[in-house]
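Convention: sequence-line order gives letters A, B, ...; per-chain numbering from 1.
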Amino acid sequence: MINITLPDGSVRQYEAGVSSMDVARSISEGLARNVLAAKVNGEVRDASRPINEDSSVALLTWNDDDGKMTFWHSSAHLMAEALEALYPGMKFAIGPALKDGGFYYDIDAGDRTLSSTDFKKIEDKMKELARQKNEYKREEISKADAIKYFEEKGDEYKLELLEGLEDGQITFYTQGNFTDLCRGPHIPDTGKIKAVKLMKLAGAYWRGDENNAQLTRIYGIAFPKAKELTEYLERLEEAKKRDHRKLGQELELFMFSEKVGQGLPIWLPKGTRLRERLQNFLRREQEKQGYQMVITPHIGNKELYVTSGHYAKYGEDSFQPIHTPKEGEEFLLKPMNCPHHCEIFGHRPRSYRELPLRLGEFGTVYRYEQSGELHGLSRVRGFTQDDAHIFCMPDQLKQEFLSVLDLTRMVLTKMGFSEFTAQISLRDPDNPDKYIGSDENWDAAEAAIIEAAAEAGLTTVTELGEAAFYGPKLDFMIKDAIGRQWQLGTIQVDYNLPERFELEYIGSDNQAHRPVMIHRAPFGSMERFISILIENTAGKFPLWLAPDQVAILTISDRFNDYAHEVLNKLAPHDISGFVDERNEKIGRKIRDAELQKVPVMLIIGESEAEEGKVSVRRQGEGDQGSMSLTEFTEWFEAAAES
RNA sequence: GCCAACAUAGCUCAGCUGGUAGAGCAGCUGAUUUGUAAUCAGCCGGUCGGCGGUUCGAGUCCGUCUGUUGGCUCCA
């Protein structure tokens, strides 16, 4: 008998050779039906494989990430089986599951060209094969036999893969009539796959190398329940509707111009109002916490970046230097604000009494991103960071970190994001030479970050080896309204720049000391943050942020004068908007304001003009009744708070 | 950057196998003076992304450039 330890800590006894599936059955039939694979002593394996010694076993279902990955991997095999059945002679390269969901298979279709019009046929075949509930059978095979099999089949890709594998650890998996070289594991049988959809087709090189053959990559998704596929597709639809590029155009927030240049966003009036509101908000909050704003130029002498080390690191992959008429003089578009801020710190002697010195700037920087990486506002070549650099003494690090965490969390919460986690990136303990700065400093900084995050009550994930060479960091991850994860603001500790710029302060001991620097940007960049904000709100910005807060809609042009009077009276209350004077019916004006997602509509006709009132309508909600202007400003303030 | 697809009016899109461009919305003009998601009519608007080529003839075929979109070793 062997002991099987389950995740809840309970221990059960079974005959040696028992399978994970048997274990599941002994617990409940329902569980057994849902088991996709099992994690045995930390290794994900087929549920059918025998266990011969005392082990810990976790049964994996659709609710486990490893279960999903196994499911999708098996789905890739199912797709390959369907392809082979429909189009004999195809060669298969690799077909993994994807962490972000779904799977793909890279295939060499020979002379045949596959297109998305073939998807339906392939999906139908997959469903047909799935209904046969074919078992995924594992088989250990000798390298010679494996080579023979694929030589006969004429699949040079699998043969190449075999070259890299050792005899004795090669396995085949077979379901139905399809056999594939595969490490596994797989789900018990194809019958679990109830819903499949092929998503897209892309070119991909064999082994990702452009010198190799170009293969056809087919992406697909699969689920154990039809309903889950429907929901998945609905989520994709929803994401499409929220796409900030689409909304940015519809709401006239920003634009791009070929003439201005790729990846260089142009902020239109409405987008600018939105952005300025965000900046003002952040500026005020930062000033409350003792930040001082500074402004530095968009270009800097090359020497500045040689000093900071950025030139050596980014030289040829960036915008190239600007030459002046003067011989040998070169300027760089600034890729970062920190060197400038270091110069501010260093321009006169600093006392420890001035620390922490917190310098903030909405600094616009330019980076030459690869053209293929550009994407709407989220990946651009010119953007503005909500940047700040805190120069402090080592023993102030934790306190400063804590206030930055507080600030970040506060502003994100105000922005409507409530679920965050923090990723803490530390040194790679096996590679101490990769990092600059003393061990004591690193230990202290890492401890400061970990303690600060714990004190702030943040859920954290720690990644070893992910730190920058100059210091550890913490990144904020947020979840948006439709469940997507985004990486936002980052907080980094830096020992490097103070050293390169030879920054010093005079301590209470009358000796010179080197300050520690914290880089931090709660939003990251205004561009990227706003792209996330647009997608999170679907363009329905909170009242206090909306570019136009109220649309004043007149029933007929007889009331235009009163409408303007109302607009003027709202201005002192910091409520802004416009009067829709068009000669249109009220229904039309409402529709247009609704589509423009103006949060509040004030409807003005005969009765309002006579009684000095406004009829209030909330975007997406409808009529809120009529009120006096005083009542309305109170209503507005209350609404803006919530 | 590489691969693929796409680029037609301000926007969304139609235009069969090559035979000199169309719709809806927007805009303009007029009528209408309107009560909670589209009033009616008329008009304007495109060297079909740029350049080159094939052809008697190119939005349509080929090349090239620009831009956009999706992908670009999560290893069998």
Spacing between [X] atom [atom1] and [N] atom [atom2], to the nearest angstrom:
X      : N      : atom1 : atom2 : result
A:L264 : B:rU66 : CG    : P     : 15 Å
A:Q320 : B:rG1  : CD    : P     : 14 Å
A:L595 : B:rU36 : CG    : P     : 17 Å
A:D557 : B:rA31 : CG    : P     : 12 Å
A:E610 : B:rG35 : CD    : C1'   : 14 Å
A:K259 : B:rG50 : NZ    : P     : 12 Å
A:R558 : B:rG35 : CZ    : P     : 11 Å
A:I555 : B:rA37 : CD1   : C1'   : 14 Å

TODO: Ignoring hydrogens and angles, state whether a donor on the side chain of A:Q596 or A:K270 is under 3.5 Å from an acceptor on the partner side chain.
DONE: yes
TODO: Check whether any side-chain N or O of A:Q262 sits under 4.0 Å from OP1 or OP2 of B:rU66, and answer yes or no.
DONE: no
- [ ] Answer yes or no: does a side-chain N or O of A:R591 lie under 4.0 Å from OP1 or OP2 of B:rU36?
- [x] no
TODO: Please lay out, stage by stage, how A:Q175 and A:E135 fare under the test side-chain contact (heavy atoms from CB on, under 4.5 Å).
DONE: CA-CA 6 Å; A:Q175 93 272 11; A:E135 216 178 301; over 6 Å; no
Open item on the list: Run A:K613 and A:M627 through side-chain contact (heavy atoms from CB on, under 4.5 Å) and show every step you take.
Closed with: CA-CA 5 Å; A:K613 288 184 161 184; A:M627 15 186 136; over 6 Å; no
Shorter than 3.5 Å, N or O on both sides, protein versus nucleotides 7-12 of chain B: list them out with atom names.
{"residue": "B:rC11", "atom": "O3'", "partner": "A:Q249", "partner atom": "OE1", "Å": "3.4"}

Open item on the list: Keeping A:D64 on the side-chain end and A:D66 on the backbone end, is there a donor-acceptor pair under 3.5 Å?
Closed with: no
Open item on the list: Less than 6.0 angstrom from the centroid, inside 45 degrees of the normal: does A:R381 satisfy that with respect to the ring of A:Y368?
Closed with: yes
TODO: Mind running side-chain contact (heavy atoms from CB on, under 4.5 Å) on A:M79 and A:V196 for me, showing each step along the way?
DONE: CA-CA 9 Å; A:M79 179 170 79; A:V196 296; over 6 Å; no
On a whole-Å scale, what distance lies between the [atom1] atoms belonging to [N] and [M]?
N      : M      : atom1 : value
B:rU55 : B:rU20 : C1'   : 14 Å
B:rG10 : B:rC56 : C1'   : 37 Å
B:rU68 : B:rG49 : C1'   : 11 Å
B:rU8  : B:rC3  : C1'   : 26 Å
B:rA41 : B:rA58 : P     : 39 Å
B:rC43 : B:rC25 : C1'   : 16 Å
B:rC2  : B:rG18 : C1'   : 33 Å
B:rA21 : B:rU47 : C1'   : 13 Å

Before accepting this row, confirm whether a basic side-chain N of the pair [X]/[Y] lies closer than 4.0 Å to the acidic partner's carboxylate O.
X      : Y      : value
A:R138 : A:E140 : yes
A:R617 : A:E594 : yes
A:E535 : A:R484 : yes
A:K246 : A:E250 : yes

Open item on the list: Heavy-atom nearest nucleotide on RNA chain B for A:G263 versus A:G605: which residue maps closer to 5'?
Closed with: A:G605
- [ ] Quick one: closest heavy-atom pair of A:T174 and A:G176, and the distance?
- [x] CG2-O, 3.7 Å
Open item on the list: Looking at the base of B:rU36, is there any donor atom on it, or on the side chain of A:R617, that sits under 3.5 Å from an acceptor on the other one?
Closed with: yes
TODO: For A:I586, report the nucleic acid contact type (base, sugar-phosphate, nothing); a contact means any heavy atom under 4.0 Å.
DONE: sugar-phosphate
TODO: With heavy atoms under 4.0 Å as the rule, sort A:Q596 into base, sugar-phosphate or nothing.
DONE: nothing
Task: Under 4.0 Å protein heavy-atom contact, by nucleotide of nucleotides 69-76 of chain B - B base, S sugar-phosphate only - done: SSSBBBSB
TODO: Verify ring-ring contact (aromatic ring centres under 6.0 Å, His included) between A:F150 and A:F92, making sure each step is shown before the conclusion.
DONE: CA-CA 10 Å; A:F150 284 109; A:F92 297 92; 9.6 Å; no
Task: For RNA chain B, stems built from three or more consecutive Watson-Crick or G-U wobble pairs below 3.5 Å - done: B:1-7 with B:66-72, B:10-13 with B:22-25, B:27-31 with B:39-43, B:49-53 with B:61-65
Open item on the list: Walk me through whether A:Q487 and A:D475 qualify under side chain to side chain donor-acceptor pair (under 3.5 Å).
Closed with: CA-CA 7 Å; A:Q487 189 193 316; A:D475 294 303; 3.2 Å; yes
